[in-house]
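Structure first, then comments.
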Protein chains: 2
Amino acid sequence: MSLKHAILTLLETEEGSGYDLLKRFKARLGFFWNASHQQIYSQLKTLHQDGLIDCTLEAQQGKPDRKVYHMTQAGHDALVKWLENPVKVDKVNDALLVKLYGGHLIDKNKLKQELSEHKAIHQRMLDTFLNLEQEYLNLPKTKQKPFELPYLTLRRGILGEKAWLDWAEEVESYLKG
Amino acid sequence: MSLKHAILTLLETEEGSGYDLLKRFKARLGFFWNASHQQIYSQLKTLHQDGLIDCTLEAQQGKPDRKVYHMTQAGHDALVKWLENPVKVDKVNDALLVKLYGGHLIDKNKLKQELSEHKAIHQRMLDTFLNLEQEYLNLPKTKQKPFELPYLTLRRGILGEKAWLDWAEEVESYLKG
DNA sequence: AAATCATATGCAAAAAGTTGCATATAAAAA
DNA sequence: TTTTTATATGCAACTTTTTGCATATGATTT
């Protein structure tokens, strides 16, 4: 399962509490790996049970103890092993396309409307990605180094969203005519 | 669930046995909705139990009876209702990007290799899509009509795969340097 | 004639993901 | 000061998907 290894990847760089990891996950991997907070907490639990991460309690004044997770050697090994084995090509399950395929059964305006809602979402994602890209590009070359690979994942998001929006244009012009 | 409705969409056009539907599913919807044969058979079963499709037995000489599924009014209504309600934006879960994100932990050549395997798969998909597109474009305009919406779903595949391959070029040139 | 392969079905267990709650603190707003 | 909102956690039930069998027929090889 990739979620486990995605979390391990985060911990490889820096330890953190469940919530820390959740936020880092959403901010850095969330664009290409969808996961709910429940999933992340429960995976942290099983990763811990399996000895791939461990966890220290940091006392806090007033608040309950902060559980800080970090990588173990076993976790590191498991991550590297996973990285070295092939992964499957991403499976597509796109309900909007199912709907478009059967779209003759409903009013074109319904389709148009829904398409434009999806377009707005994809446009927002693209904007987010382009902003992140600018942040990266504005860094001095030396500071870019550690982010080169994450930047490539961002490029995937950018090219993917642009392609989606180009397609939406085609569909819109069909629905207009 | 979209799988149910994808199957209903197929049955809306034409009845068929489980295997017929399986093949049509793979050929027509499989590019944007992934489903195993087990899933399709079991969904047919629940659709039947729920009265959204019914099933007649056609005797065959020698062979066991052929179970032919077709749409019921309830099924049609359920499909239209589903089509009229918004669907969620496709969730991305792309393990290759997780791997690329953590790629500094392994040999660049491993990444290169895996990327090129994925590239080959995506290239094959693009080729398939382009062939289908040609078939469609070679039809006389009148024959194209019933396939206009499916054609748009095909365009999504084409634009999507092209964008993937463009991205792969970027990654390759990074991994080379 | 025996072995193997493509067709045509399906069950059942396990894994992964979704949905709906539930809790508790701290800060901010009404 | 009570209510709301953001932070910070997590369980449990359910749905969906994946994986691994299992079966039976007809066609094709060996």
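Quick note on labels: first sequence line is chain A, next is B, and so on, each numbered from 1. For clarity, every value in this text was computed on a predicted model and none was experimentally measured.
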Grab the CG-P distance between B/Leu21 and C/dA8 for me, whole Å please. 12 Å
In this structure, how many angstroms lie between the C1' atom of D/dT7 and the NZ atom of A/Lys23, rounded? 8 Å
B/Asp90 CG - C/dG17 P separation (whole Å): 14 Å
Rounded to whole angstrom units, what separation is found between the OH atom of A/Tyr19 and the P atom of D/dA8? 5 Å
Calculate the interatomic distance between A/Ile40 atom CD1 and C/dT19 atom C1'; express it in whole Å. 16 Å
In whole angstrom, give the distance that lies between atom OH of A/Tyr41 and atom C1' of C/dT18. 17 Å
Aromatic ring pairing B/His5/B/Trp82, orientation class (parallel under 30°, perpendicular over 60°, tilted between): parallel
Can you tell whether the side chains of A/Glu170 and B/Arg156 come within less than 4.0 Å, N to carboxylate O? no
What integer distance in Å separates B/Lys67:NZ from C/dT9:C1'? 8 Å
What one-letter contact string describes nucleotides 11-19 of chain D from 5' to 3', where B marks a base within less than 4.0 Å of any protein heavy atom, S marks contact via sugar-phosphate atoms alone, and - marks no contact? B----SSBB
What integer distance in Å separates A/Leu22:CG from D/dA6:P? 16 Å
Donor-acceptor list for residues 160-167 of chain B side chains, cut-off 3.5 Å, not counting sequence neighbours:
{"residue": "B/Glu161", "atom": "OE1", "partner": "B/His122", "partner atom": "ND1", "Å": "2.5"}
{"residue": "B/Trp167", "atom": "NE1", "partner": "A/Leu152", "partner atom": "O", "Å": "2.8"}

Check: B/Phe147 ring centre within less than 6.0 Å of B/Tyr136 ring centre: no
Atom pair NE2/CG of B/His118 and B/Leu96 - distance to nearest 0.5 Å: 4.5 Å
Can you list every pair that meets side chain to side chain donor-acceptor pair (under 3.5 Å) and has a residue in residues 84-104 of chain B, with sequence neighbours left out? B/Lys99-B/Glu114
